[in-house]
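Proteins get letters first, then strands, A, B, ... in listed order; numbering begins at 1 in each.
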Amino acid sequence: MIIEIAILFVIVASSILALVQRDLMRAVIIIGFQGLGLALLYQRLLAADVAITQAILGSALIPGLMAITVLKTRRYQE
Amino acid sequence: MNTKDIYEMRTVVAAVFLGIFSIFVLKALTSFEIIPGVSYVYNLQGPSIAPNMITVILFDWRGYDTLGEAFILITAVFTTGILFGRGVLGGDVKVRDTAATRQPSVVQKVFAAPLVFIIVAFGIVITLGGHITPGGGFQGGSVIATAFFLSVVVFGLRKNVFSLSHRSLETFEGVGALIYLCLGLAGLGLSGYYLYNVGADFYPGLGVAQWAVNLLSYPDATNAGIIPYLNIGIALKVLSGFCTIITVLMGAEKK
Amino acid sequence: MNSELIPLMVVFPLISAILLNLMHGKDRAVRVYGTLAMVVVIAVPLLAVYGNHLFGAHPAIDTPAETGIALGRINLAIEYSFGFLQRALIFLLAAIATFAVLSHTSNEKRASGVYLSMVMLSIAAVSAVVMANDIFNMFVFLEILTISQAAMVVAKGDIGGYKAALKYLIFGGVAGGAILLGIALLLGTFGVLNITDLGNALSGNTKSPIVLTAVGLLVIGWLFESGLFPFHTIKSHIYSSAKADVAALLQTETKIVLVAIAIILLRLFGGLSNMSAVMVGLSVITLAFGSVMALVQTDFRRLLAFAAVGQAGLVGIGLSLGTPDGIAASIFHAVNDALAMSLLFVTVFVIYEGAKTTEFSRLGGLLTKAPRLAFLQIIGIMAVSGVPPFNAYQSEYRLIGAAFQAGYPELGVVIILGTIVTFVALMKGFFLTFLKESTAVAAIGRPQLSNALPLVTFATMVILALVCLGIGLHPGPLYDRFADVAITLTMGV
Amino acid sequence: MNVDVQLWSFVVAGLLVIIGLYAIAFMDNLVKKIIGVMLVGDGVNLVLITEGFKPGGIVPIISEKLFSSGAVGDFANDAAYSLPFALVLTNIVIGASTLAVLLGISIKLYQHYRSLSVAHIFQEDDA
């Protein structure tokens with residue numbers, strides 16, 4: 001029980017934290033943690049297949065693509 | 001009323017609507033009563049096709065949705081291609097080599113290459129065992145795509161472990177999608193229903209020829225039929241799709 | 001019972017899309033294959049037999065008690081249903097798409113494989129949305145449609161197109177999320193995804209907050225996909241940022257999707273009176289905003305884009321009424337308007353190709369330079385705004401009749417007003433382009449409009465004008481069958 | 001401590017959707033807006049996953065022992081609801097595809113405007 005609640009808290013907290021960053025690279029990394037939290041939560045909610053997908057896409061590929069975008073544009077929000 | 005006033009008015013309206021929307025959604029979600037529904041039937045009938053229910057739903061009952069979803073990824077890949085060079089007037093994607101800007105350190109080189117191969121092997125295992133264990137085409141394909149990502153980050157676009165050009169990646173993607181489409185067409189031609197699981201022959205009354213059943217059944221203890229082949233097609237497509245997007249975005253000019 | 005050609009209407013364009021993309025760069029191959037593929041795309045809906053297609057051959061079964069579904073039988077497979085309405089809409093789409101493809105292959109020096117593959121993807125997506133009897137399948141193909149439409153706008157390669165596509169995709173993400181959330185709520189509560197089953201399960205159970213929220217979310221998705229009120233500026237931005245053939249194709253697709261999703265909503269929630277009122281209200285606002293904003297534009301393309309959005313509101317009004325007459329008249333008007341608007345879009349973009357601008361301040365006096373174009377455009381304007389011998393007259397007349405019969409005479413007045421405003425706006429555009437004395441055009445690079453009319457474009461315009469006239473003179477055969485469709489639809493509700 | 005995980009999971013899913021919508025509506029930076037689109041998708045996915053969750057159930061993969069013993073009916077009663085999970089798999093890839101296109105467009109817009117601020121990019125045609 002307590003694990004799920006902790007994960008839920010991490011998910012909401014990291015979503016909000018990512019959005020208030022001025023440093024976009026940091027926001028992208030925090031969003032990676034949100035994706036990882038979701039993957040763990042999916043695992044706890046009996047969706048093993050989806051957890052694997054979310055772990056790969058949500059914590060590696062999507063933040064990676066965002067990081068490329070930030071590298072190709074600008075790092076700090078104007 | 002000038003532009004600024006209109007902008008502020010819009011903001012207020014948007015905020016009010018967001019508030020109303022939040023209340024409705026939270027109210028609906030907290031007063032939810034869930035019934036098993038059609039999932040029960042799937043869980044009841046699925047074990048006679050393959051052990052992993054999610055794979056069975058994805059590739060058998062709702063295989064057509066999966067086809068559509070594969071094509072969303074393809075559309076996205078084509079669109080990124082259009083964004084970076086292809087277009088109405090012909091032309092092709094121009095990818096700038098990123099290796100020249102920074103040399104990888106020795107540690108990176110020593111650790112990255114074996115790691116890439118391990119991840120690729122892991123991805124292949126996930127793909128091939130998708131109908132028995134958690135995993136499948138999407139998962140396997142995207143795992144391999146992460147390996148590609150890692151190798152691109154460490155070794156640069158031109159001289160990485162895979163060394164695949166944009167063109168060949170697109171060809172792979174087309175082949176993956178065509179595998180899926182043609183297995184569906186095989187079902188249509190042999191039984192009259194698109195994406196019929198010919199190899200498993202779940203409804204023997206449809207008059208599917210025996211040679212086709214033998215040809216398309218997977219050499220495995222379970223009766224998965226064409227599901228593993230569809231998995232391979234999807235894996236090929238997802239892997240090359242994400243690799244293409246990574247290549248194109250990494251190769252964009254930073255002006 | 002089972003027609004094997006039904007899935008090919010979606011699958012063949014998908015295969016063609018892959019092949020065309022692989023051919024990108026090989027000019028001849030793209031031209032030949034693109035043209036041949038369009039022949040097949042047009043032929044398949046005409047040859048297919050009416051019926052249902054089950055994907056994966058999974059039949060309907062008797063419902064086990066453990067599922068908790070209060071229905072006797074449920075469908076397991078994704079189902080496509082194909083009838084006269086679907087045939088008409090897909091044929092219309094294929095015809096307009098053929099014009100787009102032919103004008104691309106004949107007007108451009110190098111045919112672009114990736115662009116044609118986007119056209120194919122959007123054909124497949126719209127066909128799937130029109131035929132789908134499965135709500136999640138509809139969602140998946142709507143997403144393909146959104147991305148491929150954005151891609152067709154992006155393919156022009158200018159910054160305005162990127163901006164329009166960005167807006168469109170961000171809102172498309174929100175609308176897609178809304179649709180899926182609505183689907184999730186319905187799936188959790190009723191346990192099925194098949195639209196027929198869902199409609200049966202929903203009948204008499206439309207008061208719970210979950211159902212009301214789901215209705216709201218699905219209506220938001222409908223509003224976005226068909227460019228109605230809160231999203232009308234985004235749709236018009238997309239139209240005015242695209243090329244001529246693409247804009248004609250986009251607005252045809254939008255009208256078809258509008259009809260398709262509205263029919264799905266009616267089948268699911270037909271008993272809900274509030275939804276009908278909300279949908280009518282939003283459609284009326286769209287009609288008003290679209291027409292009035294068309295009136296104040298200073299650019300012909302934007303004017304036309306807003307007029308197209310306003311006409312979509314007109315289509316939405318009849319469908320939202322939910323009466324057989326209203327639905328039939330709306331579907332009929334969607335078809336008529338798609339044809340007439342395509343004609344107008346092509347004429348305006350011929351002006352753009354010739355003069356390199358469509359701003360009224362820099363246009364004028366083109367009548368002597370391009371008399372054929374002026375003639376065709378005036379036909380298009382009359383057709384769109386419901387002037388008698390043309391087709392939209394027949395459908396608008398029926399639409400007003402349906403509004404009166406449903407007990408909303410005010411709606412009839414609104415429709416007439418909207419039509420008049422649209423007519424005035426379009427005539428203003430015509431006047432400023434063709435009649436106003438101006439030498440500005442000569443200064444900005446010779447337009448060569450009379451020479452800039454390629455054969456395919458001219459033939460397209462003539463054919464569209466003739467079809468508009470033909471339907472206007474003999475509306476009976478088409479309208480009667482739409483009326484049958486509408487009656488069977490409302491019987492189920 | 002006894003908490004209803006399903007209820008809180010639904011609440012968090014709703015919150016993710018709302019946070020995402022807030023970011024789309026009120027944040028100026030393009031990357032933040034794109035993160036918002038992603039959060040909306042994540043929230044909807046979480047709704048579907050929680051719908052599929054069955055308290056005290058098992059992962060919907062049948063073991064060899066259970067299959068050979070013929071207790072498929074027991075498995076169907078115990079397993080989590082698998083249809084929503086399959087839909088989520090589809091939606092995750094849909095979200096990733098949309099995101100890739102949005103990121104590509106933002107790079108192109110940045111190359112032209114040298115800015116990721118929406119107010120700056122849309123300033124001339126936002127009348």
Task: side chain to side chain contact (heavy atoms under 4.5 Å, CB included) between D:F122 and C:L166, intermediate numbers included - done: CA-CA 11 Å; D:F122 286 95; C:L166 181 84; 4.1 Å; yes

TODO: For the pair D:L83 and C:L193, evaluate side chain to side chain contact (heavy atoms under 4.5 Å, CB included) and give the outcome as yes or no after the intermediate values.
DONE: CA-CA 10 Å; D:L83 178 59; C:L193 287 175; 4.0 Å; yes

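There is no contact between D:L99 and chain C, counting heavy-atom distances below 4.5 Å. With a 4.5 Å cut-off on non-hydrogen atoms, C:F171 does not touch chain D at all. Within the 4.5 angstrom heavy-atom criterion, no atom of D:I34 approaches chain C.
Closest of all the heavy-atom pairs between C:A165 and D:I105 is CB-CD1, 3.9 Å. When all heavy atoms of D:N77 and C:E66 are compared, the closest pair comes out as OD1-CG, 4.0 Å. When all heavy atoms of C:G177 and D:V40 are compared, the closest pair comes out as CA-CG1, 4.4 Å. Scanning all heavy atoms of the two residues, the minimum distance from C:L187 to D:P84 falls at CD2-CG, 4.1 Å.
Here CG of D:N91 is found 7.5 Å from CD of C:E143. Values are rounded to the nearest 0.5 Å.
Contact tally against chain D (heavy-atom pairs below 4.5 Å) for C:T233, C:V174, C:I170: the top residue is C:I170. Of the listed residues C:I147, C:I144, C:I159, the one with more heavy-atom pairs under 4.5 angstrom with chain D than any other is C:I159. When D:L87, D:I94, D:V47 are compared by the number of non-hydrogen pairs under 4.5 Å with chain C, D:L87 comes out ahead. Among D:K33, D:H112, D:M38, the residue making the largest number of heavy-atom pairs under 4.5 Å with chain C is D:H112.
A 4.5 Å side-chain heavy-atom check between D:T90 and C:F136 finds at least one atom pair inside the cut-off. You'll find the side chain of C:Y162 stays beyond 4.5 Å of the side chain of D:Q111, heavy atoms only.
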